[in-house]
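The analysis underlying the following values was restricted to heavy atoms, covering all of them including side chains, and did not include hydrogens, waters or symmetry mates. We name chains A, B, ... by the order of the sequence lines, and we start the count at 1 in each one.
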There are 2 protein chains.
Amino acid sequence: MSLMELKEAKDKFIHTWGTLATQWGINRTMAQIHALLLLSSKSMNADEIMADLQISRGNVNMNLRDLMDWGLIYKQLLPGERKEYFIAEKDIWKVAKQIAKERRRREIGPLIEAMEDIKEGIQPDTAEKEEFLKIVNDISKVSVFADNTMTSLLKSDENWLINNFIKIFNK
Amino acid sequence: MSLMELKEAKDKFIHTWGTLATQWGINRTMAQIHALLLLSSKSMNADEIMADLQISRGNVNMNLRDLMDWGLIYKQLLPGERKEYFIAEKDIWKVAKQIAKERRRREIGPLIEAMEDIKEGIQPDTAEKEEFLKIVNDISKVSVFADNTMTSLLKSDENWLINNFIKIFNK
DNA sequence: TTGAATTTTCAAAATATTCTGAAAGTTTTT
DNA sequence: AAAAACTTTCAGAATATTTTGAAAATTCAA
């Protein structure tokens, strides 16, 4: 039956998204809530998410906040409703950019800081120290490079989006 | 005292490397072994690593194999020695490329496969299904794009980004 | 082939992370 | 102001991951 087929596919999507997420450092429930909201045309409240994924209120609350921190979902206040509703960013391109941005911030930033911090106390007054400093400096440079590359990619995309937008708009 | 200063900096480096690694999905011990070998001018055997990081033989063995899988360290057989020695790739640019390559393989590959797999069974014969397929297809496209971007970054050394990097790196 | 040296495996223990749910906190309605 | 509706917090429980270490497997020399 057709509706069942879609339901199954959606469940598979949510399950898969959760499994993949753990592979790349994101917690399974957070990913599943994200997937659920991605597939939902309406925004959902905490109770609906709890019922759908069979998880506790605390878990839902915490992961919704994390997803908002990541910029992947938005809070939506519906008129006449007391409850808070949540809706996912549906533009997958924006989603990917947001994830890339956050990962850059979380993964590369601290690395650059740490290397700068380690360099501080050391003078290159022996061959051994020079060798050590070379490694730290090289990691610094690679990190800064990766950071810049990410930034350029994210920026050039903005240009691309703007260009595209102008094209469509002028049509 | 100077030697102590270096020793401390090295320890800090190893510790920091391990902590950062957990932040981005890599196991702490694996990162620490990698850092230790990065800083060591000589290759090291399992016993030396055990003693240095105060960890068990099983742990060392397992993580050395993982590091070889990642292409970050090499096994070195010294003439006249029964024990296996390990040495890290010291060219940080190669290290970064290797990490990027592996992460692409581990993180993006499965995503593309999973989306293809989900698309399989669904026909776009209702509006709802079309909507669902749009999301899956968009994710597919973004993943393939990310994969291609990574690949071109890693491949062509005449790429503008890489030239940019070389400028910075050789300064 | 035997046995010593070395590496690998893996079940159990230790550690780390995630989840639960009830209590506390907040906001809104009456 | 009190009660109702809803959200947040957080200590303890559940789950998942990592580590240990001794036994099994492998390698090599004699």
Backbone N/O of A/Glu113 and side chain of A/Asp117: donor-acceptor pair under 3.5 Å: no
Interatomic distance, A/Met30 CE vs C/dT17 P [rounded to whole Å]: 16 Å
Rounded interatomic separation in angstrom, taking CD from A/Gln54 and P from C/dG21: 11 Å
Same apolar cluster (I L V M F W Y, side chains within < 4.5 Å links), A/Met68/A/Met30: yes
Integer-rounded Å distance: C/dT7 C1' and B/Lys75 NZ: 8 Å
Euclidean distance, atom CE of residue B/Met50 to atom P of D/dT19 [Å, nearest integer]: 14 Å
Between C1' of D/dC6 and CG of A/Leu78, the distance in whole Å: 14 Å
Presence of A/Arg28 side-chain N/O under 4.0 Å of D/dT15 phosphate oxygens OP1/OP2: no
Whether A/His34 and A/Trp17 hold their rings parallel, tilted or perpendicular, with breakpoints at 30° and 60°: tilted
Between P of D/dT18 and CE of B/Met62, the distance in whole Å: 9 Å
Phosphate OP1/OP2 of D/dT19 contacted by B/Asn27 side-chain N/O (<4.0 Å): yes
Minimum-distance nucleotide (side-chain atoms of A/Thr29 versus D/dC6, C/dC19, C/dT7): C/dC19
Upstream residue (5' side of DNA chain D) when B/Gly58 and A/Glu84 are each assigned their closest nucleotide: A/Glu84
Show me the donor-acceptor pairs within less than 3.5 Å that the side chains of residues 44-53 of chain A make with the rest of the protein, sequence neighbours left out.
unit_1, atom_1, unit_2, atom_2, d
A/Asn45, OD1, A/Asp47, N, 3.0
A/Asn45, OD1, A/Glu48, N, 2.9
A/Asn45, ND2, A/Tyr85, OH, 3.1
A/Asp47, OD1, A/Arg57, NH2, 3.0
A/Glu48, OE1, A/Asn45, N, 3.0

Distance test, side-chain N/O of A/Asn61 to OP1/OP2 of D/dT8, below 4.0 Å: yes
Separation of C/dT6 P from B/Arg57 CZ (nearest whole Å): 9 Å
Side chain of B/Ala46 (C-beta onward), nearest among D/dT7, C/dT7, C/dT8: C/dT7
Sugar-phosphate, base or nothing in reach of A/Thr22, heavy atoms under 4.0 Å: nothing
Spacing of B/Leu53 atom CG relative to D/dT18 atom C1', expressed in whole Å: 15 Å
N-O pairing of B/Lys134 and B/Glu131 below 4.0 Å: no
D/dT27 base / B/Arg82 side chain donor-acceptor hit below 3.5 Å: yes
